[in-house]
Amino acid sequence: MKSSKHLPVIIIMMLVSWACQVNDSSDQNSEVENKVEQLLNEMTLEEKIGQMCQVNGGNGHDENIRKGMIGSILNEVDPENINRLQKIAVEESRLGIPIIVARDVIHGFKTVFPIPLGQAATWNPDLVQKGTRIAAMEASSTGVKWTFAPMIDISRDARWGRIAESLGEDPYLTSVLGAAMVKGFQGDSLNGETSIAACAKHFAGYGAAEGGRDYNTTSIPQRELRDIYLPPFKAAVDAGVRTFMSGFNEIDGIPATGNKHLLTDVLRKEWQFDGFVVRDWASTWEMIPHGFAKDEKEAAQRAIKAGVNMEMATTTYKDHIAGLIEEGALSIEDINQAVRNILRVKFELGLFDNPYIAGEKQNQFAKPEYLEAAKKAATQSMVLLKNDQKTLPINPSSKIALIGPMADQAYEQLGTWIFDGDTTLTVTPQQAFNETFGQENVLFAEGMAISRTLHKRGFRKAIEQAKKSDVIVFCGGEESILSGEAHSRANIDLPGVQNDLIKELKKTGKPVVLVVMAGRPLTIGEISEHADAVVYAWHPGTMGGAALADIVSGKVNPSGKLPVTFPKVVGQIPIYYNHKNTGRPANPDSWTQMYDIPVKAPQTSLGNESHYIDAGFTPLYPFGYGLSYTSFEYSDLSLDKEVYSSGETIEVSFKLNNVGDLAGEEVAQVYVQDLVGNVTRPVKELKAFERISLDKNEEKTVTLTIDVNDLDFTNIDMEQVVEPGEFQLWVGGDSNAKLTTNFEVQ
Ligand code: BGC
């Protein structure tokens with residue numbers, strides 16, 4: 001034990017060590033800056049432009065790399081070839097500047113983790129970070145040093161195919177998990193052997209595509225942009241993300257790739273970001289169809305002036321920068337600044353010192369611990385939505401009819417963006433059920449060849465199998481190609497004849513467990529009536545089948561929670577929990593279902609409130625929702641104070657009791673409402689959460705904290721403030737949490 005008389009000495013030592021660390025990192029920074037400036041001084045304009053160009057992999061780039069005309073390549077994953085290309089850059093080009101090899105490593109590399117939306121359902125930042133660490137270890141063993149992830153676009157629209165790649169609808173959850181992903185990819189230090197640069201994308205607002213149709217216009221008021229869409233990007237900067245990607249979308253009339261306000265005023269000036277910005281695929285060129293640039297030359301000029309440093313795929317920079325400088329439409333300093341940012345990251349990544357991936361370190365994939373982590377992520381991502389009469393877990397001696405178009409699809413369960421995913425590693429539900437329950441107890445019939453099958457020829461066998469069983473597990477959903485980029489859907493029911501098949505299966509009288517593997521929330525409300533239990537498994541990745549077997553057998557108690565609101569019908573979209581109240585909030589007492597409205601009822605007899613007369617005003621399942629095989633009770637909510645000042649921390653304490661007879665994990669969630677603001681405020685906002693393990697009958701006192709400063713919002717004068725006043729706070733297992741108290745900020 002250190003005695004208190006030593007305290008001043010200890011404090012001085014700590015200060016010295018802190019000062020040394022600060023000095024160390026500022027020394028490193030200035031060392032990198034010196035190297036960048038030296039190199040920049042030696043570069044010709046052509047070489048500078050080269051750094052700003054990223055080309056798609058394939059043959060035919062050698063000569064341009066040798067001439068220093070290529071700064072980055074995407075979509076190369078063969079380590080021998082990457083070393084070969086790197087050797088040309090480092091040993092045969094005039095200045096020996098290494099290329100940076102990029103890849104969309106979105107939710108795993110060979111070992112595929114659940115789609116990001118599924119990972120968000122774990123509400124487990126450590127596990128999510130582990131997932132991207134593993135993805136980085138696998139990807140970097142091929143020579144890939146940069147991933148285009150995390151995608152942290154707030155997604156409130158299940159029709160949008162790219163919701164699969166997102167972390168859901170909530171700014172706080174997305175911020176926490178996005179930052180965890182950045183840390184996992186980039187490791188402890190960017191120049192670590194297995195570190196790869198992360199990329200915060202798509203800056204900004206891409207997820208708000210009108211009607212959920214990909215690439216569509218977005219109209220986001222500045223205040224909503226600030227309070228909902230930008231916080232995850234700021235969190236990524238704070239977590240040290242080294243690159244950004246500008247989006248395809250226009251936002252309030254200005255394409256994101258030509259958006260100086262976002263890319264320069266916010267990102268560089270306000271947030272002090274000093275990594276580099278790549279723009280999405282052909283999005284410079286796309287400013288022409290957007291009607292924002294008359295030709296490629298003008299598009300290049302606008303993108304560079306806005307703050308896009310590197311061009312992906314198209315050649316507007318290569319073709320036009322020199323001419324634009326000659327004309328005075330760009331200055332050499334515009335170019336120097338872009339190149340500085342790119343070189344800085346290349347130095348930080350250690351690419352100059354260690355450009356190659358050594359033979360013995362190549363292709364390090366799918367180690368047992370990677371597969372184990374992927375299984376854990378899949379298990380924690382699965383959300384139990386319904387479990388009537390304790391249908392789940394299934395009694396181990398049961399005969400199970402395993403039916404459905406996703407029950408044995410090694411490829412489909414991996415989900416979108418799996419360029420490198422190895423289907424030979426996949427464990428499907430069928431394989432895992434055979435293992436867990438014994439092959440003789442698993443009666444398999446797909447019933448439909450794929451999720452979109454429109455005929456019923458497979459029904460007969462499926463029904464036969466169902467009749468011979470004690471319980472039916474139907475694995476359906478949507479194939480991976482039905483979500484992801486450019487795969488928006490206007491109808492988000494289960495595709496094909498899945499609903500018909502489920503109804504037929506139900507007629508056998510056997511309990512039906514509906515398992516949905518999908519890239520988005522699907523409108524399963526009506527069909528769930530025909531199921532006794534529902535497990536939402538997303539596209540669960542390589543180990544999805546094994547995870548599902550653990551869940552349905554009860555080896556693991558489900559603990560996933562929805563990162564996005566589930567609509568009853570598609571017409572309710574946009575529907576999200578942190579909405580505004582309106583002047584006429586919906587009221588359960590005065591809402592009348594359409595078919596119950598009397599004929600010729602006078603107009604004024606209806607409750608004139610904000611609701612749908614057919615679909616009501618509540619979702620199918622709220623944000624944060626998810627059941628367990630046990631039950632949790634929240635009680636004794638208290639705060640450490642009644643009145644807080646800015647800069648203080650609110651300590652939220654409550655008792656969490658596992659009142660069931662099984663051990664389990666619960667994600668406790670804290671929501672806050674700022675009751676009156678000088679602009680209107682959401683009805684609730686997630687401000688803290690934690691995954692907590694409890695043995696059966698165990699009770700824990702839990703304390704979560706909220707920084708008062710995190711109650712800020714963009715006020716009427718567009719200032720980011722915490723406004724004094726009354727706040728209400730709720731604690732519970734989803735966004736409908738009921739246990740509540742109030743506090744004040746002065
Ligand atoms: C996507 C990006 C992706 C890029 C490179 C684009 O179509 O929008 O998210 O990183 O392609 O593959």
Side-chain angles (χ1 to χ4, degrees), residues 35 39 42-44 46-105 108-111 135-149 185 187 190-199 242-243 276 278 281 310-315 317-318 339 342-366 418-422:
K35 286 181 182 169
L39 195 50
E42 292 176 46
M43 292 170 84
T44 62
E46 198 180 38
E47 285 162 340
K48 289 178 184 172
I49 297 169
Q51 286 307 305
M52 298 169 71
C53 298
Q54 181 182 66
V55 295
N56 198 12
N59 297 327
H61 297 310
D62 295 14
E63 199 40 37
N64 280 341
I65 295 178
R66 197 168 284 118
K67 286 192 196 147
M69 285 168 63
I70 291 176
S72 173
I73 293 198
L74 79 153
N75 297 333
E76 280 296 345
V77 286
D78 170 19
E80 295 300 337
N81 197 36
I82 291 178
N83 276 349
R84 189 186 68 78
L85 295 169
Q86 197 64 287
K87 190 160 185 282
I88 298 175
V90 173
E91 297 177 32
E92 298 173 30
S93 76
R94 194 177 76 88
L95 292 172
I97 304 175
I99 49 170
I100 175 169
V101 178
R103 184 69 158 172
D104 289 281
V105 183
F109 192 71
K110 295 284 175 198
T111 307
M137 290 196 278
E138 289 193 337
S140 63
S141 77
T142 68
V144 167
K145 287 302 273 180
W146 179 20
T147 176
F148 299 130
F185 283 130
L190 206 62
N191 67 9
E193 241 171 36
T194 62
S195 296
I196 65 177
C199 181
R242 296 314 283 140
T243 75
F276 72 88
V278 64
W281 200 257
M310 186 182 280
E311 168 167 42
M312 185 196 295
T314 45
T315 58
Y317 282 15
K318 177 168 169 276
V339 177
I342 295 165
L343 292 178
R344 182 178 299 122
V345 175
K346 287 190 176 182
F347 275 112
E348 290 170 353
L349 276 166
L351 278 170
F352 285 85
D353 299 326
N354 298 302
Y356 307 118
I357 172 80
E360 72 283 3
K361 292 185 177 151
Q362 290 176 7
N363 296 339
Q364 302 293 307
F365 306 136
I418 44 120
F419 288 158
D420 305 289
D422 182 350

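For the single chain, residues carry numbers from 1 onward in sequence order.
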Looking at side-chain heavy atoms only, is the closest gap between [X] and [Y] below 4.5 Å?
X: Arg103; Y: Thr142; value: no
X: Met43; Y: Ile97; value: yes
X: Gln86; Y: Ile357; value: no
X: Met69; Y: Lys318; value: yes

Residues two or more places apart in sequence or in another chain: which of them pass side chain to side chain contact (heavy atoms under 4.5 Å, CB included) with Asn354?
->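 With sequence neighbours excluded, Asn354 shows a side chain to side chain contact (heavy atoms under 4.5 Å, CB included) to no residue whatsoever.
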I need the [X] [atom1] to [Y] [atom2] distance, nearest 0.5 Å.
X: Lys346; Y: Lys35; atom1: NZ; atom2: NZ; value: 15.0 Å
X: Gln51; Y: Glu47; atom1: CD; atom2: CD; value: 8.5 Å
X: Glu80; Y: Leu85; atom1: CD; atom2: CG; value: 11.5 Å
X: Ile100; Y: Met310; atom1: CD1; atom2: CE; value: 6.5 Å
X: Thr111; Y: Glu138; atom1: OG1; atom2: CD; value: 3.5 Å
X: Leu349; Y: Asn191; atom1: CG; atom2: CG; value: 8.5 Å

Where do Glu92 and Arg66 land on the salt bridge (Lys or Arg N to Asp or Glu O under 4.0 Å) test, with the steps shown first?
-> CA-CA 6 Å; Glu92 298 173 30; Arg66 197 168 284 118; 2.8 Å; yes
Not counting sequence neighbours, which residues clear ring pair (Phe, Tyr, Trp, His ring centres under 6.0 Å) with [X]? List them please.
X: Phe276; value: Trp146
X: Tyr356; value: none
X: Phe109; value: Phe365

Using a 3.5 Å cut-off and no angle test, enumerate the donor-acceptor pairs between side-chain atoms of residues 52-61 and protein atoms at least two apart in sequence or in another chain.
residue	atom	partner	partner atom	Å
Gln54	NE2	Ser72	OG	2.9
Asn56	OD1	Asn75	ND2	3.0
His61	NE2	Asn56	O	2.6

So which atom in [X] and which in [Y] form the shortest heavy-atom distance, rounded to 0.1 Å?
X: Leu190; Y: Arg242; value: CD2-CG, 3.4 Å
X: Lys361; Y: Glu193; value: NZ-OE2, 2.8 Å
X: Ile99; Y: Ala89; value: N-CB, 4.1 Å
X: Asn363; Y: Pro79; value: OD1-CG, 3.4 Å
X: Ser93; Y: Ile65; value: CB-O, 3.7 Å
X: Ala135; Y: Gly108; value: CB-CA, 3.8 Å

Apply side-chain hydrogen bond (donor to acceptor under 3.5 Å, both in side chains) to Ser195 and list each qualifying residue two or more places apart in sequence or on a separate chain.
->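 Listed in chain order: nothing, the list is empty.
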Does the side-chain contact (heavy atoms from CB on, under 4.5 Å) test come out yes or no for Met137 and Gln364, once each step is laid out?
-> CA-CA 7 Å; Met137 290 196 278; Gln364 302 293 307; over 6 Å; no
Criterion side-chain contact (heavy atoms from CB on, under 4.5 Å) on Asp104 and Thr147, from CA distance to verdict = CA-CA 5 Å; Asp104 289 281; Thr147 176; 5.8 Å; no
